Every structure is written in C-alpha cells, then in structure tokens.
A.B. asks: 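The structure is given below, and queries will be raised subsequently.
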Amino acid sequence: MEEEAEEDENLPPGEEQGMRDSLLGGAPEGSAVPAEVPVPGKREEDVRGRVPDGGFGWVVVLAATWCSGSIFGIQNSFGILYVILQEEMDGSTKGQGMDFRTAWVGSLAMGMIFFCSPIVSIFTDRLGCRKTSSGGAALAFIGLLSSSFTKSLGVRYFTYGILFGCGCSFAFQPSLVILGHYFKKRLGLVNGIVAGGSCVFTMCLPFLLKMMGRAIGLAHTFQVLSVFMFIQIFLSLTFKPRLPPPIDFSKEKEKVAGKSKVQQCLAHTRKYFNMQVFRKKTYTIWAFGIATTVLGYFVPYVHLIKFVEQRFQENTKEWVLLVCIGATSGIGRLASGRIGDCIPGLKKIYLQVASFLLLGILSMMLPLCRVFESVIVVCLFLGLCDGFLISMMSPIAFELVGPMQASQAIGYVLGLMSIPMTAGPPIAGLLRDYYGSYDLAFYLAGIPPLIGALVLLSVPLLHERDLKKKRQMEEEKEKTQDSVVNGELLPGSPVTDECV
C-alpha cells in the first residue's frame with residue numbers, strides 16, 4: 001500500500017521531467033526527443049493523470065472544509081447579526097429605511113466574495129493557491145477584528161462588507177481549485193464534504209451568536225469570529241499545488257520583453273483576463289443562468305429571522321430556522337456529491353435545475369406560513385436545495401471547460417453572481433420599509449430561481465447537439481481520408497470524373 005501511495009504522490013525524476021516538458025510544450029535543448037510526440041489534445045489527459053485521488057489530499061480537504069465552514073457559516077448566520085446590528089444602532093440612525101441600510105452590511109460581504117472572484121483567479125494562477133488563500137484569510141481576519149471597534153453602520157460597510165468580504169473571496173476560491181489538484185474520481189464527493197463544512201458551522205453559529213450577542217455584545221462577538229479566520233491563515237498553507245499553472249509566466253515575459261510598457265500592460269491584461277471560457281456557448285449560458293438565480297438566493301438568509309419575529313412574535317427560537325437550513329444543507333451537499341459522481345457529464349446540471357425550481361417555490365411559500373412549525377418545514381427543504389446548488393458548482397465547471405481553465409471558469413461565474421446577490425437583500429429590505437411587510441419581497445425572491453432553472457435546462461441539450469455535430473464532422477473527415485487512400489479522389493478516378 002505504501003509503494004502505491006508513493007507512486008501516486010511522486011513521479012520518478014525522468015518521468016516527471018518528461019511530463020513537465022510535455023505539459024509546457026517541449027523538451028529542453030540538447031535533451032533526447034521522445035519517440036511519441038505529445039499532441040495538444042492529450043495535454044488535458046496528461047494533467048488529469050497526475051491527480052492522486054487521496055493521500056495528502058485528505059489533509060487539504062480538512063483545511064478547505066474549515067475554510068468553507070468559517071466563511072459561509074458566518075455569512076449564512078448574518079440574520080442573527082442583522083437583528084443585533086439594529087438593536088445596537090444609535091437612536092439617530094433608526095427610522096425609515098433601517099432595514100434597507102442594515103441589509104447592505106451582509107449583502108456587501110456576500111457580494112464581494114463573488115465580485116472579487118475573477119481577480120482571485122488571476123492571483124491563484126500567478127501566486128498559487130497557498131499564498132492567495134493565506135493572504136485572503138489574513139484580510140478577512142483584519143476586517144472582522146476592525147468591525148469590533150466601531151458602531152457606525154457606514155464604517156462597517158467597509159470593515160465587514162468590503163474587507164471581510166474581499167478576504168473571504170481570496171481565501172475561499174483557492175480552496176475550490178486546489179481540490180482538483182488532488183482528486184478526480186472522487187471530486188464530487190470531496191466537494192460535497194467541503195461544502196458540508198459550512199453546514200456544520202451554520203448549525204452551530206446561530207445559537208452561539210445569539211448567546212454571545214446577549215452575553216458579551218456585538219463588538220466582542222466580532223472578535224470571537226475573527227479567530228476562525230486567524231486559524232484559516234495557517235490551514236491555507238496546506239494548499240500546495242500539484243499541477244502546473246495554466247500560464248507559463250517565464251515564456252510570457254520573453255514574449256513581451258522587447259515591447260513598450262503600454263504594449264506589455266495590454267498583453268498581460270489580455271492574458272490574465274482570459275475570456276476563452278466564454279467561447280463555449282454551454283458555459284456562457286450556464287454562468288448567466290446561475291447569475292439570474294441568485295438574485296433571490298440570499299434573501300431568506302438575511303431577512304428570515306426578522307420576518308419570523310414580526311409574523312409570529314417569536315424572538316427566542318428563531319435561530320432554530322438557521323440550524324434547520326444548515327442541517328439539511330449538509331445532507332444535501334453530501335448526497336449531491338455522491339450522486340454527482342454517479343451521473344455522467346453535464347447531466348449533473350439537472351440536479352441544479354431541480355434545486356432551483358424547488359427553491360423558487362419554497363421562497364414564495366414563506367409568506368403563506370401561518371404557524372412557526374410550517375416555517376421550519378420550509379427551511380428544511382430550503383437547506384436541501386442549497387446543498388444541491390452549491391456542491392455541484394465546481395464539478396460542473398470542470399465538466400464544461402476542463403481542469404486547465406477551471407480556475408478562470410469558477411472565477412467568472414462567481415463574479416457574475418456578485419451583483420444580483422448583493423442587490424437582492426437590500427431590495428427586499430426596501431420593499432419591507434415601503435409596504436411594512438415581507439410578503440411581496442419573498443414572492444418576488446422566488447421568481448429568479450424559476451427563470452434560472454428554465455435557462456439551465458438548455459445547457460445539456462446544446463452540449464449534446466455540439467457533440468453530435470463534432471462526431472459527424474469526424475466521420476466525414478475519416479471518410480474523406482479513406483477515399484484518398486483508396487484512390488477514389490485521385491485524377492482519373494470515377495468519383496473525380498463525376499465531380500468534374
């Protein structure tokens with residue numbers, strides 16, 4: 001068993017050099033040329049062949065699980081912080097529009113996680129997963145810690161919304177990318193495990209935040225939360241890449257060496273902001289379908305606690321709702337990870353389609369609940385939908401664009417999600433301030449997931465059509481080659497005479 005593990009973890013020196021040469025496009029000058037010249041189409045297969053599917057990868061899974069849990073456990077529990085923020089506001093800041101202004105704190109933080117994703121992709125490709133994630137965790141730690149030293153809502157827009165949100169983005173995205181360096185066959189399973197980490201935190205943090213808010217106040221609560229990100233700084237050091245970067249930066253420097261600074265800047269910009277993933281129609285449709293859906297996705301997480309307090313006059317057990325969402329979300333992420341491994345190709349998208357449809361219907365059902373127990377039932381299914389949605393993101397991106405462009409693909413889709421996800425909760429808060437009820441806000445929050453589900457239905461169909469066209473072209477090419485070999489297209493042949 002130990003010999004097999006060693007073979008998986010490290011290639012022999014000669015084989016490793018040959019693999020590196022084939023991946024980078026050639027062999028060093030003076031070295032022996034292999035008998036079989038690597039073709040470009042085999043590059044992705046060679047990269048996938050270096051994935052060990054275990055070993056030290058399980059340590060990486062543990063670190064990525066803490067990262068996902070710390071970040072999204074805090075974000076998904078913002079409904080508790082939302083109420084505490086309003087309670088600690090000065091009298092001068094209370095009044096009309098308070099729900100709208102307070103919602104921006106959590107929305108900015110969640111939105112920045114996704115808004116920074118395209119930039120994080122550049123840092124991940126350039127600096128690697130380890131440095132990018134460690135630096136992001138440090139920035140998130142500073143943001144949470146500095147939020148404890150102010151009571152100003154405007155300052156917390158920056159400290160919690162911007163600093164903490166950006167730091168979470170730089171810490172979280174490399175934790176998704178690094179999993180593809182260590183797992184291939186079990187990628188869906190480990191993504192489900194990592195995504196499930198946030199569910200464990202979401203189950204525990206609401207009760208913890210409720211108790212800490214009453215006992216030590218909001219300022220010290222932020223300080224306690226900052227410890228989670230401080231630990232992540234050191235856990236991110238385990239994110240050691242195994243695959244080569246998609247861009248050979250030494251060769252890129254040689255290409256722009258003789259050009260002006262403006263030309264070098266433009267060349268680097270085109271290289272860093274690689275838009276090739278959008279040339280694939282299926283990826284483009286999928287990315288915009290996801291972005292449409294999340295306009296209403298984060299609304300329940302922010303406003304559910306306040307909605308329950310106003311509807312049922314319940315302010316002692318409302319944290320149970322977030323625990324229910326976290327519990328069933330964990331079940332959904334683990335189950336969808338295992339199910340996703342059994343579903344071939346892009347048919348995984350149908351899991352997301354089903355979760356989007358159910359998510360939209362459940363959001364519209366919240367205003368119809370007349371007893372507290374019915375809200376609990378809705379939240380249980382909301383968590384299940386959340387689990388199937390999140391854990392399938394990375395595997396579908398790998399299926400659409402392959403491992404070499406997965407970092408860029410994940411970055412762009414998360415970036416597209418940022419604007420609607422940021423706008424959703426404040427719009428719901430504005431509707432609450434204007435109409436005095438959350439009913440219309442939850443009804444409207446259910447529409448985008450339904451639209452997104454219909455958009456995503458077309459992705460597998462288009463993919464199958466493209467594959468069919470590709471197979472037809474290959475068959476026609478083979479027929480043409482066979483005809484040339486048999487002399488049917490040579491001068492004087494019957495076929496050629498007929499064509500003339």
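For this chain, numbers begin at 1 and follow the sequence in order. Keep in mind that this is a model prediction, so the values were computed, not measured. For the numbers below, each heavy atom of this structure counts, side chains included, while hydrogens, waters and symmetry mates do not.
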A.B. asks: Check whether Ser77 reaches the backbone of Ile74 with its side chain - one donor and one acceptor, N or O, closer than 3.5 Å.
C.D. replies: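 Checked: no pair found.
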
A.B. asks: Could you check whether any side-chain heavy atom of Met421 comes within less than 4.5 Å of a side-chain heavy atom of Leu295, counting everything from C-beta outward?
C.D. replies: no

A.B. asks: Run the side chain to side chain contact (heavy atoms under 4.5 Å, CB included) test on Val455 and Thr292 for me, step by step, so that the C-alpha distance in whole Å, both residues' side-chain angles and the decisive distance to 0.1 Å come before the verdict.
C.D. replies: CA-CA 9 Å; Val455 173; Thr292 302; 5.6 Å; no

A.B. asks: Once rounded to the nearest 0.5 Å, what's the spacing between atom CG of Leu322 and atom SG of Cys204?
C.D. replies: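 Spacing of CG (Leu322) from SG (Cys204) equals 12.5 Å.
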
A.B. asks: Looking at CZ of Arg126 and NZ of Lys131, how far apart are the two atoms once the value is rounded to the nearest 0.5 Å?
C.D. replies: 10.0 Å

A.B. asks: Is the distance between the ring centroids of Phe78 and Phe298 under 6.0 Å?
C.D. replies: no

A.B. asks: Please report the shortest heavy-atom distance between Gly289 and Leu456, naming the atom on each side.
C.D. replies: CA-CD1, 3.5 Å

A.B. asks: Between Val299 and Phe442, which heavy-atom pair has the shortest distance, and what is it?
C.D. replies: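 Nearest pair, atom of Val299 first, then Phe442: CG1-CE2, 4.0 Å.
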
A.B. asks: Using the side chain to side chain contact (heavy atoms under 4.5 Å, CB included) rule, take Phe115 and Thr422 through it: C-alpha gap first, then chi angles, then the decisive distance, then the call.
C.D. replies: CA-CA 9 Å; Phe115 181 77; Thr422 304; over 6 Å; no

A.B. asks: State whether the side chain of Thr284 and the backbone N or O of Lys280 hold a donor-acceptor pair below 3.5 Å, judged by distance alone.
C.D. replies: yes

A.B. asks: Is any side-chain heavy atom of Pro448 closer than 4.5 Å to one of Val294?
C.D. replies: no

A.B. asks: What's the shortest heavy-atom distance between Ser107 and Pro425, and which atoms?
C.D. replies: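 Of all heavy-atom pairs spanning Ser107 and Pro425, the closest is OG-CB, 3.1 Å.
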
A.B. asks: Are the side chain of Thr238 and the backbone N or O of Leu235 linked by a donor-acceptor pair below 3.5 Å?
C.D. replies: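 Yes: the side chain of Thr238 pairs with the backbone of Leu235.
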
A.B. asks: With a 4.5 Å cut-off on side-chain heavy atoms, are Phe381 and Thr328 touching?
C.D. replies: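 No, too far: nothing below the 4.5 Å cut-off.
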
A.B. asks: Dump the intermediate steps for side chain to side chain contact (heavy atoms under 4.5 Å, CB included) on Phe307 and Asp439, then the final yes or no.
C.D. replies: CA-CA 9 Å; Phe307 164 75; Asp439 290 0; 4.3 Å; yes

A.B. asks: Quick check: do Leu462 and Lys281 have side-chain heavy atoms less than 4.5 Å from each other?
C.D. replies: yes

A.B. asks: Check whether any side-chain heavy atom of Ile113 lies under 4.5 Å from a side-chain heavy atom of Gln75, and answer yes or no.
C.D. replies: yes

A.B. asks: Do Pro174 and Val120 touch side chain to side chain, with heavy atoms closer than 4.5 Å?
C.D. replies: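 Side chain of Pro174 against side chain of Val120, heavy atoms only: contact under 4.5 Å found.
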
A.B. asks: Where the side chain of Thr132 meets the backbone of Phe123, is there a donor-acceptor pair that is under 3.5 Å apart?
C.D. replies: yes

A.B. asks: Please determine, by modelled atom types, if Ser169 and Gln173 share a side-chain donor-acceptor pair under 3.5 angstrom.
C.D. replies: no

A.B. asks: Check whether more than 12 heavy atoms from other residues, nucleotides or ligands sit under 6.0 Å from atom CG of Leu430, and answer yes or no.
C.D. replies: yes

A.B. asks: Please check this pair: side chain of Ser68 against backbone of Val194, looking for a donor-acceptor N/O pair closer than 3.5 Å.
C.D. replies: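 Side chain of Ser68 to backbone of Val194: a pair is present.
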
A.B. asks: Test Leu321 against Ile325 for side chain to side chain contact (heavy atoms under 4.5 Å, CB included), laying out the working first.
C.D. replies: CA-CA 6 Å; Leu321 299 175; Ile325 292 177; 5.6 Å; no

A.B. asks: Over all heavy atoms of both residues, which pair between Gly452 and Phe356 is shortest? Give the atoms and the distance, please.
C.D. replies: C-CD1, 4.2 Å

A.B. asks: Using 0.5 Å steps for rounding, measure from the CD1 atom of Ile122 to the SG atom of Cys116.
C.D. replies: 11.5 Å

A.B. asks: Calculate, to the nearest 0.5 Å, the distance between atoms OG and CG belonging to Ser134 and Leu127 respectively.
C.D. replies: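 Atom-to-atom, Ser134:OG and Leu127:CG are 11.0 Å apart.
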
A.B. asks: Rounded to the nearest 0.5 Å, how far does CD1 of Ile331 lie from CZ of Phe388?
C.D. replies: 10.5 Å

A.B. asks: Identify whether NZ of Lys or CZ of Arg in Arg432 sits under 6.0 Å from the centre of the six-membered ring of Tyr438 and within 45° of that ring's axis.
C.D. replies: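 That pair qualifies as a cation-pi contact.
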
A.B. asks: I'd like to know if the side chain of Tyr283 and the backbone of Ala409 have a donor-acceptor N/O pair within less than 3.5 Å.
C.D. replies: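 Yes, the answer is positive, given that a donor and an acceptor are paired below the 3.5 Å cut-off.
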
A.B. asks: Please tell me if the side chains of Phe183 and Val61 come closer than 4.5 Å, counting only heavy atoms from C-beta onward.
C.D. replies: yes

A.B. asks: Report the residue from Phe172, Tyr301, Trp66 that forms a ring pair (Phe, Tyr, Trp, His ring centres under 6.0 Å) with Phe72.
C.D. replies: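 Considering Phe172, Tyr301, Trp66, a ring pair (Phe, Tyr, Trp, His ring centres under 6.0 Å) with Phe72 is found only for Phe172.
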
A.B. asks: Between Ser329 (side chain only) and Gly326 (backbone N and O only), is there a donor and an acceptor less than 3.5 Å apart?
C.D. replies: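 Side chain of Ser329 to backbone of Gly326, a donor-acceptor pair under 3.5 Å: no, none is there.
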
A.B. asks: Using a 6.0 Å cut-off, check whether atom OH of Tyr443 has over 12 heavy atoms from anything other than its own residue.
C.D. replies: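 Enclosed: over 12 neighbouring heavy atoms sit under 6.0 Å from OH of Tyr443.
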
A.B. asks: To the nearest 0.5 angstrom, please state how far the CG atom of Leu380 sits from the SG atom of Cys324.
C.D. replies: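 The distance works out to 4.5 Å.
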
A.B. asks: Under 4.5 Å between any side-chain heavy atoms of Gln232 and Ser133, yes or no?
C.D. replies: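 Yes, close enough: below the 4.5 Å cut-off.
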
A.B. asks: Look at the side chain of His181 and the backbone N and O of Lys240, then say whether any donor-acceptor pair between them is shorter than 3.5 Å.
C.D. replies: no

A.B. asks: Work out which heavy atom in Ile290 is nearest to a heavy atom in Gln352; give both atom names and the distance.
C.D. replies: CD1-OE1, 3.8 Å

A.B. asks: Minimum heavy-atom separation for Ala287 to Val413, with atom names?
C.D. replies: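 Nearest heavy atoms, Ala287 then Val413: CA-CG2, 3.8 Å.
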
